[in-house]
Amino acid sequence: AEQFFPVLVFRTGAYAPNGTPWANGYVDYLKLVNARGGMNGVKITFEECETGYATDRSVECYERLKGKGGGATLVQPLSTGATFALTEKAPGDKIPLVTAGYGRSESADGGVFKWNFPLLGTYWVAADVLLQHIAKKEGGWDKLKGKKIALVYHDSPYGKEPIPLLQERSKLHGFELQLLPVTAPGVEQKATWLQVRQSKPDYTLLWGWGVMNSTALKEAQATGYPREKMYGVWWAGAEPDVKDVGDGAKGYSAVTIQHGAEPNAKVVQDILKEVHAKGQGTGPKDEVGQVLYMRGLLSAMLGVEGVKRAQERFGKGKHMDGDQVRWGLENLALDQKKLDALGLAGVMRPVSTSCVDHMGSSWARVHSWDGKQWNFTSDWYQADDSIIKPMVKATAERYATEKKLTRRTPEDCQS
Amino acid sequence: MGPFLEILFGGLMTGMLYSLIALGFVLIYKASGVFNFAQGAMVLFAALAMARFAEWIPKYSGIANPIVVNVLAFAGAFVVMIGVAWSIERLVLSRLVNQEGITLLMATLGVTYFLEGLGQTLFGSDIYKIDVGMPKDPIFLLEKTFEGGLLVNKEDLYAALIAAAMVALLALFFQKTATGRALRAVADDHQAAQSIGIPLSTIWVIVWSVAGFVALVAGVIWGSKLGVQFSLSLVALKALPVVILGGLTSVPGAIIGGLVIGVGEKLSEVYVGPLLGGGIEIWFAYVLALLFLLFRPQGMFGEKIIDRV
Amino acid sequence: MSNENILLNVNGIEVIYNHVILVLKGVSLQVKEGAVVALLGGNGAGKTTTLRAVSNLLAGERGAVTKGSIELRGERIEKLSTAEMVGRGVIQVMEGRHCFAHLSIEENLMTGAYTRKDGKAAVAATLEKVYNYFPRLKTRSKSQAAYTSGGEQQMCAIGRALMANPKMVLLDEPSMGLAPQIVEEVFEIVKDLNQREGVTFLLAEQNTNMALRYADYGYILENGRVVMDGAAAALRENEDVKEFYLGMGGGDRKSFKDVKSYKRRKRWLA
Amino acid sequence: MFYRENGQFKTSYRADSQIFPIRQDQIAIALLLLIAFVLVPLFASEYLFRAILIPFLILSLAALGLNVLVGYCGQISLGTGAFMAVGAYAAYNFHVRIEGMPLIASLLLGGLCATVVGVLFGIPSLRIKGLYLAVATLAAQFFCDWAFLRIKWFTHDSPSGNVSVSGLQIMAYSIESPVQKYLFCLSFVALFALLTKNLVRSAIGREWMAMRDMDVAAAVIGIRPVYAKLSAFAVSSFIVGVAGGLWGFVHLSSWEPAAFSIDRSFQLLFMVIIGGLGSVMGSFFGAAFIIILPIVLAQIPHWFGLPIQTETASHLEFMIFGALIVFFLIVEPHGIARLWSTAKEKLRLWPFPH
Amino acid sequence: MAEKKIGEVILEVKNISLAFGGVKALTDISFDVREHEIRAIIGPNGAGKSSMLNCINGVYQPQQGAISLRGRSFERMNSRLRLRTMAEMGVARTFQNLALFKGMSVLDNIMTGRNLHMKRNLLWQALRWGPAEREENEQREKVERIIDFLEIQAFRKTPVGRLSYGLQKRVDLGRALAMEPQVLLLDEPMAGMNVEEKQDMCRFILDVNDEFGCTIVLIEHDMGVVMDISDRVVVLDYGKKIGDGTPAEVRRNDDVISAYLGTSH
Ligand SMILES: Nc1ncnc2c1ncn2[C@@H]1O[C@H](COP(=O)(O)OP(=O)(O)OP(=O)(O)O)[C@@H](O)[C@H]1O
Ligand SMILES: Nc1ncnc2c1ncn2[C@@H]1O[C@H](COP(=O)(O)OP(=O)(O)OP(=O)(O)O)[C@@H](O)[C@H]1O
Ligand SMILES: [Mg+2]
Ligand SMILES: [Mg+2]
């Protein structure tokens, strides 16, 4: 049997520098699985489709690939816009959407969003962890009172996602939140950073993507804003974001979605040995194990594990259909033992999902750029469920009423 | 006062950079009546060539001196741009003589796609670095007068100076030489220009080469600011209101327009933006240009639109 | 006709516009060095098209010569560019003026000298000559061409071509829109340049009377074919020509008021 | 031989001014409609519907609207995306805020809102011309992009600025399956195409074209520039607005302002230019060229099993697409529609040229 | 031929002056045009003839003086309204430099001339059914008559941009005629025509004038035409009026001879 994975990527255009390593990691992992005999003997087939990060091209790719190879196993839209559009289509097609580290935050609620899997963390997790880190630095939540935190964000749904959480926290702890939108694509940010210079926020959160990130760092340098006070989301914390800023980005930190750059992880070594050494590697060798590469790799891993989990229930060595894969994804139980076996020791923490919790983990760390590479500079944090959960629930409920959906019943969860 | 001056100054600097790109548009429009949609792609292409040459030259020839490398890379990239200009004339423009502006605009769109594809194929689609030794850190002036000093960005300052020099040169060229006159004639009426023996192909190769040069300079400056990657081609969009505000046919217009837009958008974002939730600078530039055009439909320095029976 | 001094030899050309519209259906004509040849014919006969074919301005109109040949001093020229034709001394004055609207009259004239290599002084002298021919241009020299009167633009277009010091001029309806005195003037200029500087002229004209008075030879074109040709003097005496092109059916010039019926078909059998 | 109008004599002006005066054309168009309405729904795959036909139809409609403005009235617009957005968001608001609002009414009302905005941004056209006018429409584009992100009311207080609709119905008849959606769009498109064709070959259409070709002369013969230009803006933005509604409601179901970004505006403008300015048919050709061609190009390597990397393939796709645009323009600067009619003219003469 | 009946003054130009920057195009010009008359304006190039038409027609606004049509004057209207009112009052014109709608077919060009007579609104037109269609066909019939007359049937559906210069001038005339004007302003309608074509055109102008009682103001450089068909002639030179009267009078006027006619006529 074979299992087909569509791979929506962007290897050209404005976002290519960020999209390419992700795609390389994703594909390399699939190749690794195949090199080891597949998923319990089920070979993975896959096909890349170039979206150019455009929603309509993404929809076209989705439609083109969803029926191939006996039906798509799952889809990773790899863009917030496409996620929104596909969220409406996936239920009809019965295809799980895996959006590891992006997508809509409220889709963590599996009771409403049956087919969405924002595994490992949503933007609310990212924002919460960043604030926790800052609070810890300052010496406690109470020290945030009267402080000023600026959010420099990509002016789009993606950039606006963290705002509700930040507002919630700012009400709670009494810090001032300054919102500074940057018009896409973000090549011109002088006004933004002059504003930062003027209002002198104690911390600045960076919610950018693509060229916006490096530009922000360069403008921060040009206006003398200390990079040590800048914290990025995980889409603003990879090599392409800082590479050409070099020393100028020294001291800048970003939250990571569990992993960072992991050149020494076992799984990376395995890929180098079993895929690249055989001349089957997808990208340049020296980029294997970089941050975005790892993100792609882990996304693929989660999908594969979802299928394997489903096989445990529905029959090993068989082809899994969308419904079954969905069940697998919402019953993931990646404990430490499994992670070690996968070569992911030290890369991530255990993940376990459920019918209601489609996120599976809300742990994250912070890493910083030292001018040459990313290094972890914090311990693990867990996002505060007591804040996030009600927000997720409320937003998801609203979505459900708007769409006239009913919450899934416990029986439905069994299917 | 201090912040205001800083913003004003920052706006002027940004405006200068817009002008540099606007200049490329004006040049080609003025000389052939073509609104060159491919200007952004040319900036990207030139910058990519420069960045990769600067990477490849030390690797394959062993020359290590960064100045020599940069000069060689720049020269190489210029040669590439001349090649681009020549091919565009040969394959596109010469076959579309005497067609309407909108057709030519469309053709440059085709060129855009082609250059974007070719550029990424030849030079890659990652982020590359151009390092021509531009200083990145800020300097502070008048620290006595203002608290915290007046922030000035040296990189911007150099860039603005270069832009100003190029604009001055080109303005002279258009106004004072016979070729300049011929270029304007071509823009007015391809066929009549042909009929009196102005060799369109030569003219176009020259103009597109010059525009290629301007694109290269813009690419180097913006590239050293932003890093060289695909987004560079999007910067061209920012130059659009500049060209139109300044007047499509005016070289000095490009510069004044750039300054006005630069200052206008920065001041508006900082002082008006917060009232409206921010992010207004993009439309503000256009509304500014629009209001101005209501009073002067040909832009600040554009040639008067002829309207006569 | 002896072959040596044939400057321009158009041999059975067909011209098609837009790949479908056949306009010239085999036109042949010859222009001797130093001659003034008139090309006559009604509206839409193909005069302009013939001139465009010679000066290679067809491409811009999406037209093409599909048959026949055109030779200049024995050299095939269908493949040359217009600029190269100007380089060989052949210049066309386009019908409908085509001045550079944004340039001043003087700048318009100066662009005409773009191909000249003989120095500023010589160009200045020619400019002076053109101003002498058309004093009206001098008074308007600083105004933008778009804002001059129709006749002034016509003078500008003719003057601009003269600025190139051409060997051969293709004049397309030079008299259009000009006051009678100026028309006379233009034809005097033609005669003058022809006799003193040996410039050859091929002129498409509706003012048949004038054209045949100054030309040596004439071709009559109807429907894309040459229907008659001959020495100018002979044509002037031809009865048909008299009736249709000179308005002198039966010998005398008729008053325009007394012409009784319109819509008489042209009687040339193509 | 086959394509002749010999022997088809028109005995009345009415017969002569039909949309397709030649019998062969009438047959062809009837066949086309038959195929579109009957055969395609029977045989096309879901992929074809969802990824190609529906977007193609909707964007053709938008292109048609834009063609009224740019092609017929000569006013260059780069704000089409904005007018689509207005149509979509307005329709959305009617849909969710007013209980029981029929779908078609929402869409048409959305179109009306777009009309208002279009006319508003069209006012500068009374003074500003040509490329300079592009700035006014760009202002509309960026302002609307910004407004739909920033003003929560438009998005029914959705925090991210993203909205979604579902459960489309016309009179208890739901429009869910690809075929239903396709037929729904097709009906809109066919109807609007017919109405537009009627407009452009009537007095108002001639007024638009007169404004486009020579506005002073048009004013001299008594055409009111204000009325002509603003009516073009109105008609155009109405159609574009409805297309925007369809794009949001039927194609995407869930969208963010980026779905109607400046890229969309450019895309549509390019469709009408390459398809043929001032030609109803051209809008369809253009949409087909710009939407379908890249998709086809992207799939060619797969069809032939060529082992090309995604990256290389899409770079090649860019280059080929660009080259094709230039190629078509060189063959016929007035767009594919003109190429088509030239081809027909040739066919008319075949096999005896001239 | 029956003596034609020349009526009251229909158009009166009083002390018009027009300058563009430093260029005085018209200085203190006065003349009148009577109903049913063929009034010619002649003068050397750049004398201000076309500018005069532009003033009458409302394209230019003279700085001084007044123009009245049937006793109504238009100074205080804005230019858009002025042009429209002029058209509604039955003033039509042709242009010296072609001002056709290049992208439209010959038929459509001439049909635009009938737009003023078409009353159905936008919705009717979109449906093109019943009355709207009937109206369209009625107008079409009138236009076909003009096309017939101008002998451009063969080019009915050709875009005018593809026609030769002379044919385009005919279409321009056709468009003006389609307006069923009461006053027809013609700016060098016969430039670029040969004698035979000019004869046809003259006959036609005379017919329009006789049968429909159309008043005609004609600019023409062909003295033969002017002398033969016009009733009265105004002569302009450098923006000044130097002569006014019947052709015969003008021909004898010394100023006119030296400024324009020269001795050969
Ligand atoms: N660009 C063009 N495309 C298509 N047809 C054209 C084009 N130019 C001219 N024609 C056609 O070719 C024929 C001859 O045109 P041409 O301009 O040569 O005539 P002409 O003799 O100069 O007439 P005129 O005295 O009116 O200027 C006409 O029927 C015209 O419609
Ligand atoms: N819009 C304008 N702006 C500036 N000058 C103008 C304008 N219109 C006309 N003129 C000038 O006014 C003078 C009169 O022009 P007009 O066109 O009326 O001449 P005309 O008598 O029609 O000449 P022709 O017989 O050559 O057509 C000319 O010198 C012309 O340059
Ligand atoms: Mg001609
Ligand atoms: Mg005149």
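Naming: A, B, ... by sequence-line order, numbering from 1 per chain. Any value given below was found using the heavy atoms of this structure, including those in side chains, with hydrogens, waters and symmetry copies removed.
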Practice problem: Answer yes or no: is there a donor N or O on one side and an acceptor on the other, between the side chain of B:Q191 and the main chain of C:L57, under 3.5 Å? | Solution: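 Present.
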
Exercise. Please confirm whether the backbone N or O of C:A101 pairs with a side-chain atom of B:D188, one donor and one acceptor, at under 3.5 Å?
Key: yes

Exercise. Kindly check if the number of other-residue, nucleotide or ligand heavy atoms within 6.0 Å of NZ (C:K129) is above 12?
Key: yes

Quiz item: Is it the case that more than 12 heavy atoms not belonging to C:E61 sit under 6.0 Å from its CD atom?
Solution: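 Result for CD/C:E61: enclosed.
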
Closest contact, heavy atoms only, [X] versus [Y]:
| X | Y | value |
| --- | --- | --- |
| B:P199 | C:Y114 | CD-CE2, 3.4 Å |
| B:A185 | C:L103 | CB-CD2, 4.2 Å |
| B:K304 | C:H102 | O-NE2, 3.6 Å |
| B:I196 | C:T111 | CD1-O, 3.5 Å |
| B:Q194 | C:T82 | O-CG2, 3.2 Å |

Quiz item: Top residue by heavy-atom pair count (under 4.5 Å) with chain B, among C:A83, C:P166, C:A161, C:G150?
Solution: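 Heavy-atom pairs under 4.5 Å are most numerous for C:A83.
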
Quiz prompt | Contact leader toward chain B among C:M85, C:M163, C:E84, C:R160, where contacts are heavy-atom pairs under 4.5 Å | solution = C:R160

Exercise. Below 4.5 Å from any heavy atom of chain C, which atoms of B:A187 appear? Answer side chain, backbone, both or neither.
Key: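 Neither part.
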
Self-check item: Engaged part of B:I203 at the chain C interface, taking heavy atoms whose separation is under 4.5 Å
Solution: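 Contact with chain C involves the side chain of B:I203 alone.
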
Exercise. Measure distances from C:S81 to the heavy atoms of chain B and classify the residue's part below 4.5 Å as side chain, backbone, both or neither.
Key: neither

Quiz item: Which answer fits C:R62, side chain, backbone, both or neither, if we ask what part of it has an atom under 4.5 Å from a heavy atom of chain B?
Solution: side chain

Quiz item: CG of C:L51 to OG of B:S195: how many Å apart, nearest 0.5 Å?
Solution: 12.0 Å

